[in-house]
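Chain A is the first sequence line, chain B the second, and so forth, proteins listed ahead of strands; every chain is numbered from 1. Worth knowing before you read on, the calculation uses all heavy atoms, side chains too, and leaves out hydrogens, waters and symmetry mates.
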Amino acid sequence: MERYNFKEIEEKWQKHWDENNVFKTKIDKNKEKFYCLEMFPYPSGKIHMGHVRNYTIGDVLSRYKSLQGFNVLHPMGWDAFGMPAENAARENKLDPKDWTNANIITMKNQLKKLGLSIDWDREISTCNKDYYKHQQTFFLELLEKGLVYRKENYVNWDPIDETVLANEQVIDGKGWRSGAAVERKKLSQWFFDISKFSEDLLNGLDGLDNWPNKVKTMQKNWIGKSFGCEIDFKINGDLPVKKIKCFTTRPDTLFGFSFLALSVDHEISKYYEKDENFIKFKEECSKTGTTEEAIAVGDKIGFKTNLLAINPLNSKEKVPIYFANFVLMDYGFGAVFGCPAHDQRDFDFAKKYNLEIKTVVKPHDKSDTFKVKNEAFSGSGIIINSDFLNGLEAPENSITETIKILEKKKIGKKKINYRLKDWGVSRQRYWGCPIPVAYDKEGKVHPIPKSMLPVTLPENINLNVKGNPLDSQNNWKEIDINGKKMVRETDTLDTFVCSSWYYLRFCSPKEGDYGFNIDDIDYWMPVDQYIGGVEHAILHLLYSRFFMRAINYKNKNFNIKEPFQSLFTQGMVCHETYKDENDKWLSPEDVEKIDGKYFQKGNSKKIVKVGPSESMSKSKKNVIDPEYIIENYGADAVRLFILSDSPPEKDVQWSEQGMISSYKFIQKLWTLHNEIKKKLSNEPMEIFDNEIDEFTNQTILKITNNLDKFNYNVIIANMYETYNYFNNTIKKKNKLNNLKENYKKILICFTPVIPHFSNHCLDDLDFTNDLIWPAYNKKALIKDEINFVIQINGKKRALIKTKKDISEESLLKVIKLDKNINRYLSNYKIKKVIFVKNRLINILIHE
RNA sequence: GCCCUCGUGGUGAAAUUGGUAGACACAAAGGACUUAAAAUCCUUGCCCUUUUGGGAGUGCCAGUUCGAGUCUGGCCGAGGGCACCA
């Protein structure tokens, strides 16, 4: 027997799949479709283990669904616009396009070596003008529908990447890519009106039964719906403004009102612009505002105005108005009514400035003289000290009642507020999709006529400039529209716009007139299974849900709202981290383990400090190169290992030992295959063995269920069990009549995980027909004999083999023959017997 | 502070959804083969007993049940998300 030559065999099959267009997909209305999609990669250079895991999971599912007879769409493309290309190009004096395309070629080859069942005919790249042309059309359509607008606003400015970031791209006050502390800057920007769909995006979550709850909760929190009331406060003072609007969720505590706080950006601030003390105060606010921790721990500070606000429920009561650092301009109306007794933040502020703390809610178990002392009370209770509101149950009842009263008095009205803000999509970068608009001399916006699309990026330009390289491209910027001279928009679109609709493009990758063809969409969409990292829980997944609604808006021909029917978020691939004596990161390649201790390779004097296992990342050097692993162990072995150790939704530890054992497992399977082959050709097959049928059926049932439930790690265990069983059985038994058909079924079940090996073995035995997912035979699943569990007082005392469907009476007779059981039964009286058919008997005795 | 998820051997983890806890694998120890090593194979895995067997046992404490890793309540611990959101 030859050793299993994975290199030769894997290459052979990959070539076969390629040359025969095995994974090419066409619409076939006689077949049920299955659209399996993994989040497409950014072409950063080489694939990493995270990709291997993500795409292996998707490939197992695709191959399984194909074998089940589905018409499977399993495409791949490139999220090809973005900063790294621009940075790399600047450093190496290259064109971002060349850098990107070279990476795409490398990574495509690497993905092919993994043996993925991808329809490469549908490959798309978002930096290709055939792609972004349609994105520009979408942009203009949204502009026409009023879903895109331009406004001057405070934005998140990333000083390292020198671009604006969306709220979703600021994590803990830092840029999601650069890690730089984000600054506030006022700029004119393009926005997508995502907040228009806040309610719909929230409601849509309820229908996403096959999404992880975690992701749904995150989106729900991000949308941040809250019920409340808007209230107009009259103000006393020497300003032309006589009214300030506030949003509150607790109008029922209005009698506890003791100050009104405004954002420093509130419109009233314009009357204080020349006040030196106010300018100083505003500066102080912007300083503390940069990091999240500063905000969380930070002091509440205020600037007292000479204005007074009048309590709308008691016009005699007048309270001071402050500007305060904790009031956000872009939530509510940038103004807060302060009730220190029942809001901790207001309480802190009141303590600092010695403001009145009026208790208006008491806990149920306290008397009417209850007074808030050391901290605000926000629990449930009864309204007190509030005139006609007294006695109401707080909070639910008192809030609705108060709103009714306020509405009657025309002081306020019911209001629902959302935390979700519009999506700022302007980026001051070169390597992105140009925004297809221009400005005339007056600065008025003109869409680029659709006939002039695409607006392509200028090529071979100097990237070594400060700010946006497109700004200095005068030839490119100047444009004639209908004889009028105009200047192009130089901002490009956030790359998350590209990924908001790419799954539609895969359905019609070559459609020239529009982004997609409606017939294709009708057949393929929605994505039946989407697979990717949880880091996009809010970003990409929310944007995509918005984008479908935006296309759908005022569009009778397009009915998709939810692009992803089911979502699966896989865990990360982790590895131990290593540092040398100077705390410099070391790569696993440079580390050697001798007798349980770690040293630098080739130098057993240099001790290596071992850190915790963390998600593989270039910066910590704890990466394993998939190409090296595939080269040395083969794609099947890598696929097997990456699935074997942990459930796919959890993080997995990379283990060299585990990898080797997966490799050895393939070799063992090969040895087994050859022994089975020898038996099949040498021995007359005359003995029909029930047990092997039963085992195979059990295995088919287990693997099928585990595939359906994404228990891919358990499938690997099932594969090991199968090997162990077959290996033992063929050693013990000869001339098995039903070995052949069972082995064939098993090989088919192995195909999704180890496609090269399984196809090779199937081919080797001329099993080339009817390669379909085996159905389990329910009759064969019912065993003739059952291991019956015998319990005495709920404790297992014996395991007895009996015929199936044995009755309670006969079982009791049988178990009396068991020495151990009889010891209990003959010495004690039976109180009660619990009998579970074909499974368990529990005998309760007096002791 | 608020919300969510999760606690099972030395390790990664299984457990047909309330019915044999620890499948499958990694690591470890012992053994077989070998001059030796590698590779391969076998055995072991908490406590008591020579064995048959018995006891404890799924973070901790209670509860429901004939029976709880699984259900209920409380506590402890870990991870994640949001965070001056009015």
**Message:** Please enumerate all residues that pass ring-ring contact (aromatic ring centres under 6.0 Å, His included) together with A:F710, with sequence neighbours excluded.
**Reply:** A:F568, A:Y712

**Prompt:** For B:A36, what is the paired nucleotide under Watson-Crick or G-U wobble rules, both distances under 3.5 Å?
**Reply:** none

**Request:** Using the test salt bridge (Lys or Arg N to Asp or Glu O under 4.0 Å), find all partners of A:K837 that sit at least two apart in sequence or belong to another chain.
**Result:** A:D805

**Request:** Pick base, sugar-phosphate or nothing for A:V833, based on heavy-atom distances below 4.0 Å to the nucleic acid.
**Result:** nothing

**Fill in**
Sorted by chain and residue number, the ring-ring contact (aromatic ring centres under 6.0 Å, His included) partners of A:F323 (sequence neighbours excluded) come out as A:Y272, A:F278

**Prompt:** Can you find a donor-acceptor N/O pair under 3.5 angstrom joining the side chain of A:R250 to the base of B:A86?
**Reply:** no

**Pairing partner (Watson-Crick or G-U wobble, both distances under 3.5 angstrom) of B:C85** = none

**Prompt:** By ring-ring contact (aromatic ring centres under 6.0 Å, His included), which residues pair with A:H266, not counting sequence neighbours?
**Reply:** none

With 3.5 Å as the limit, what N/O pairs link the protein to nucleotides 69-72 of chain B?
none

**Asked** Partners of A:T722 by side-chain contact (heavy atoms from CB on, under 4.5 Å), sequence neighbours excluded?
**Response** A:F695, A:T699, A:F726, A:I746, A:F750

**Request:** With the side chain of A:W222 defined as its heavy atoms from C-beta on, choose the nearest nucleotide among B:C24, B:C82, B:G54.
**Result:** B:C82

Please write out each protein N/O paired with an N/O of nucleotides 16-23 of chain B under 3.5 Å, distance rounded to 0.1 Å.
unit_1: B:G19; atom_1: N2; unit_2: A:Q791; atom_2: OE1; d: 3.4
unit_1: B:A23; atom_1: O2'; unit_2: A:E721; atom_2: OE2; d: 2.7

**Prompt:** Does any pair with a residue in residues 656-673 of chain A pass salt bridge (charged side-chain N to carboxylate O under 4.0 Å, His left out), and if so which ones, sequence neighbours excluded?
**Reply:** none

**Fill in**
Of the listed B:A13, B:G81, B:A83, the closest approach to the A:P647 side chain comes from B:A13

Write down the protein N/O and nucleotide N/O pairs, taken from nucleotides 40-46 of chain B, whose separation is under 3.5 Å; answer none if there are no such pairs.
unit_1: B:U40; atom_1: OP1; unit_2: A:K664; atom_2: NZ; d: 3.2

**Message:** Could you check whether atom NZ of A:K245 has more than 12 heavy atoms from other residues, nucleotides or ligands sitting under 6.0 Å from it?
**Reply:** yes

**Prompt:** Is the base of B:C66 touched by the side chain of A:K832 through a donor-acceptor pair closer than 3.5 angstrom?
**Reply:** no

**Item:** A:K214: side-chain contact (heavy atoms from CB on, under 4.5 Å) partners, not counting sequence neighbours
**Value:** A:M218, A:V534

**Message:** I'd like to compare against my own output: the B/S/- annotation of nucleotides 2-7 of chain B with a strict under-4.0 Å heavy-atom distance to protein.
**Reply:** -S----

**Asked** Is the backbone of A:K243 close enough, under 3.5 Å, to the side chain of A:D232 for a donor and an acceptor to pair up by distance?
**Response** no

**Request:** Hey, could you give me each pair passing ring pair (Phe, Tyr, Trp, His ring centres under 6.0 Å) that has a residue in residues 324-344 of chain A? Not counting sequence neighbours.
**Result:** A:F257-A:F337, A:F326-A:F349

